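To start, the structure itself, in structure tokens.
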Amino acid sequence: MAGVSLQHLYKNYSKNGPFVVKDVNLEIEDGEFMIFVGPSGCGKSTTLRMVAGLERISQGEIYIGEELVNNVPPKKRDIAMVFQNYALYPNMSVFENMAFGLRLRKTEKHLIDSSVKSTSRTLEIEHLLERRPRQLSGGQRQRVALGRAIVRHPKVFLMDEPLSNLDARLRVQMRSEIVDMHRNLGTTMIYVTHDQTEAMTMGSRICVMKDGIIQQVGTPEEVYMKP
Ligand code: ADP
Ligand code: ADP
């Protein structure tokens, strides 16, 4: 297991461009469920993408556990990411979609089989393993995307508005599934949302960003119920 440490983190997308992340400092504890909120464009996704290794860090350090990961490629980071647009591979079956990350890491075949089976049982998508993504509903696709992330048992989960494309009923259901999953796996979670209910009910702490800086970090009570 591993916490995530952001130290004096800065990001600009071009050499003389504006900093969209500015001196962000945050200690996310091992096993914590940290929510990021803030207006569109305030730097939440950029921060998440730097943790994932999908975006270069302009200045500062990111540690995952004890390891400085600034120069560690995404594939070598013990993380899994779920996006808003849960892009599944259209030409692969659900099983193959879920197995892909494990194959990439040269996991033995029998371990791939058993991991995909047990994860798909948890998410109740066992009966969908032979289907293609286009044969699934939005909610089923989202489950597969989650399954694809969970199946690797990463130390850290990064989720960027994973539920925003779902209808209200599914959103409520998936909220509690993600919370249960986090509880069962004990992984560290960093979760971006603009949904206040998600922020108030899912996380242990909330990090409020604005214009690239951290405005406030606290429990839901501290952030939302200030006198
Ligand atoms: P949201 O506010 O819903 O998180 P954004 O509109 O900020 O989404 O960004 C959506 C995608 O477009 C992201 O992958 C982001 O990196 C990219 N993006 C946002 N702004 C720019 C930009 N000015 N130039 C290039 N890509 C951008
Ligand atoms: P949020 O996730 O909070 O909506 P983002 O991290 O997506 O914010 O964006 C922060 C800022 O960086 C925005 O001004 C956005 O336009 C800009 N940005 C995001 N991605 C890119 C990109 N690929 N190239 C240039 N600017 C970007």
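As the structure lists them, so they are numbered: ligands from 1, and atoms in each ligand from 1. Owing to the predicted nature of the structure, the values given are computational and were not obtained by experimental measurement.
Not close to ligand 2: S14, with no non-hydrogen atom less than 4.0 angstrom away.
The aromatic rings of Y10 and F19 lie perpendicular to each other, with more than 60° between the two planes, well past the 30° mark.
Listed by first and then second residue, the side chain to side chain donor-acceptor pair (under 3.5 Å) pairs that reach into residues 166-175 are Q173-E177, sequence neighbours excluded.
Checked against a 3.5 angstrom limit, the closest N/O atoms of S45 and ligand 2 fall inside it. At least one N or O atom of G43, backbone or side chain, sits closer than 3.5 Å to an N or O atom of ligand 2. For the pair Y13 and ligand 2, the shortest N or O to N or O distance falls below 3.5 Å.
Between the side chains of E27 and S5, at least one donor N or O lies within less than 3.5 Å of an accepting N or O. Looking only at atom types and distance, the side chain of S58 has no donor-acceptor partner in the side chain of Y13 under 3.5 Å away.
Listed by number with element, the atoms of ligand 2 under 4.0 angstrom from any heavy atom of K44 are 1 (P), 2 (O), 3 (O), 4 (O), 6 (O), 8 (O). Taking every non-hydrogen atom of S40 and a distance limit under 4.0 Å, the qualifying atoms of ligand 2 come out as 4 (O). Below 4.0 Å from some heavy atom of T46 lie the following atoms of ligand 2, by number and element: 5 (P), 6 (O), 9 (O), 10 (C). Close contacts between ligand 2 and P39 involve ligand atoms 3 (O) [criterion: under 4.0 Å to a heavy atom]. The atoms of ligand 2 that sit less than 4.0 Å from any heavy atom of V20 are 11 (C), 12 (O). Near C42, meaning under 4.0 Å from one of its heavy atoms, ligand 2 places the atoms 1 (P), 3 (O), 8 (O).
Shortest non-hydrogen contact noted between G31 and T188 is N-OG1, 2.9 Å.
Judged by a 6.0 Å distance limit and a 45° cone about the ring axis, R131 is not positioned over the six-membered ring of F95.
Close placement of the F33 and Y191 rings is indicated, their centers lying within 6.0 Å of each other.
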